[in-house]
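Everything on this sheet refers to the single structure shown next.
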There are 2 protein chains.
Amino acid sequence: MKNDDSSTATLYEVASAAGVSPATVSRFLNGTAKVSDDKRKTIERVIDELNYKPNRLAQSLKMGSTRTIGVLTQSLESGYFSQAMIGIEDAVKQAGYALLIMSGHWHADEEAERVELLIGRRVDGVAILSGKLSDGQIQGYSQRVPIVAFGRKLEGERLMGFCLDNYRGACDAVDHLVEQGHRRIAFIMGPEDHEDAQARLAGYRDTLARHKITPDPALIVPGDFQESGGLLAVNQLLATNQRFTAIFASNDLSAYGARLALYRSNIRVPDDISIIGFDDLHSSMYTTPPLTTVRQPLYEVGKGIGRMMLAMLGQKQAEVEIPQLGLMVRESVRRIA
Amino acid sequence: MKNDDSSTATLYEVASAAGVSPATVSRFLNGTAKVSDDKRKTIERVIDELNYKPNRLAQSLKMGSTRTIGVLTQSLESGYFSQAMIGIEDAVKQAGYALLIMSGHWHADEEAERVELLIGRRVDGVAILSGKLSDGQIQGYSQRVPIVAFGRKLEGERLMGFCLDNYRGACDAVDHLVEQGHRRIAFIMGPEDHEDAQARLAGYRDTLARHKITPDPALIVPGDFQESGGLLAVNQLLATNQRFTAIFASNDLSAYGARLALYRSNIRVPDDISIIGFDDLHSSMYTTPPLTTVRQPLYEVGKGIGRMMLAMLGQKQAEVEIPQLGLMVRESVRRIA
DNA sequence: TTGAAAGCGTTACCAG
DNA sequence: CTGGTAACGCTTTCAA
């Protein structure tokens, strides 16, 4: 006597209980072919008597598709990547795809290992969110599985990639500051080996130059894309008595840290010093004051990634539009004489 | 002529190329039995000539285990749940388990659907992070798959659950406020139908009573665990001219919103009004001022969940210690006369 | 319409 | 030690 509470029934059991062949049950389940009304009835009845649920593993093995897309993110706790993942999920969910998420922690070796894991689990495609993998490595993986990479300008048979224009975003930020009358603008860098961080630095430099402002090297301080780095950066600026009226933090997290450092020194934002960030994390809307920043439309990016993936998987056609950066003017920047 | 770049070789191909039986290759791969040195050598060689990688799908089907644990979270973007997921991942990663994450968005129906999806994908166990599923439903699922639920005091054959003491945490928070001289303490509620939120409210009420402070109903304002709710809540307090010296926000997000509302009205924190939160999100360390709050050790919670899961899956033994809440005193509360 | 049977890529039992 | 072979649970020809 079987207790079918936990052990799930199989297609065979359904078939024999319904007095038909497994093939018929399968056809009924997938609508692959017509099934006579009487058989259909009994099959339906048996199915929910036995509480039958198809085994997706077996299906996957047979059909060569897991309906899973692997996501290589860098960190689960980053609000930045989370938005993109939500976008991906929203885009592929309806098509019956689930996400298998793994984090690479900005470490090429770990990322490579995770991608291998993903491929080993036979995901139908993998979405790579930034990271340190080389273009070559990614191209290599794309021989084995369709890939869409965010943060790379890559193109291939089974490979799509796109970037947001970080350089341009940084230019916009600095332009905004200059328009508001700032000329002595400090810059909190991101990690040296981070492409986006470099692009933002370049944007900062070039825009200053375009406005005939000579960049003061002492105003460019190291950071690490974390709050702590921003805090230290500003402390360094303060300790060395630099003169500046505004800070361009290369990401919002750094801006938060910077803001706290200023707070600790009783310097008001934006009254005494203006701050502009980059990313537009959700929480930047609620900092005090709300942070003016360059918006990265990560959710849309995620949707785009999901759609591209679906397209490569032969699911959809709709052209995917690449979202753009934009300046979010809030309250952390003040116009000065 | 085959190009083995993309199409992965199978165990059979390895076997025949090495002139041995599939069984032998399998045994070699899994160390299930001794394999003679010469055969081992050739197998090894063939394996990397063909760049063979076992198909985990087939393995799973055969062995009845996917080495995947399903996680039902409520939101991918919540720093709160992210910490727990990282903990889970860290706990199970070494044992070769991957996480299949799905979000229920605090909606019982959606959660149920996601759990079904997870089970359909044959995860070896599912971790449920809070949510609106009834204890009965969860017990039901546990007949089908091992479950560990966070936010429930549940126990069963294939079921473990534990809570953090939200009531106690709220008491600690209010005690702290009272110790600092506050007596008119406003409370920003969480969602009405959220158990933790209710526990925190109860803690607030009872602690006030314990200190012989009559709770003023006008000081208890609705919120929704989001920044926007906290903002509105404080605006309501201000608009109705309530007298209060401190705010207990039932979570950090609400506290952020509250803080912004105060900022907008030129009320200083903690000089004019003190704020205490609940959760201790990472970012609470960097708000201005850094937020005094009740810490929920979510990462540790996640580790605990992972370990419990491993234990149920027969992987480990180590007793799992349930982490406790604790007050994080920072700078948003001021002592008053 | 329907059924029989051949796989999908593994593992493990049973002989040898 | 090693090889055959029967599963695991499903889909899909191929015939009927």
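Naming: A, B, ... by sequence-line order, numbering from 1 per chain.
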Original post:
Considering residues, nucleotides and ligands other than A:H105, do more than 12 of their heavy atoms fall under 6.0 Å from its NE2?
Top reply: yes
Which side-chain N or O atoms in residues 29-37 of chain A pair as donor and acceptor under 3.5 Å with protein atoms at least two apart or in another chain?
{"residue": "A:N30", "atom": "ND2", "partner": "A:S26", "partner atom": "O", "Å": "2.9"}
{"residue": "A:N30", "atom": "ND2", "partner": "A:S26", "partner atom": "OG", "Å": "3.3"}
{"residue": "A:S36", "atom": "OG", "partner": "A:D38", "partner atom": "OD1", "Å": "2.7"}

Original post:
Just by protein heavy atoms under 4.0 Å, how would nucleotides 6-16 of chain C read 5' to 3' in B, S and -?
Top reply: -BBBBBBB---
Original post:
Among A:V71, A:I138, A:T73, which residue meets the side chain to side chain contact (heavy atoms under 4.5 Å, CB included) test with A:I128?
Top reply: A:I138
Original post:
Is a side-chain N or O of B:D124 found less than 3.5 angstrom from the main chain of B:I69, in a donor-acceptor match?
Top reply: no
Original post:
Crowded around B:E195 CD? As in, over 12 foreign heavy atoms under 6.0 Å?
Top reply: no
**OP:** Could you state the atom-to-atom distance from CD1 of A:I43 to P of D:dC10 in whole Å?
**Re:** 14 Å
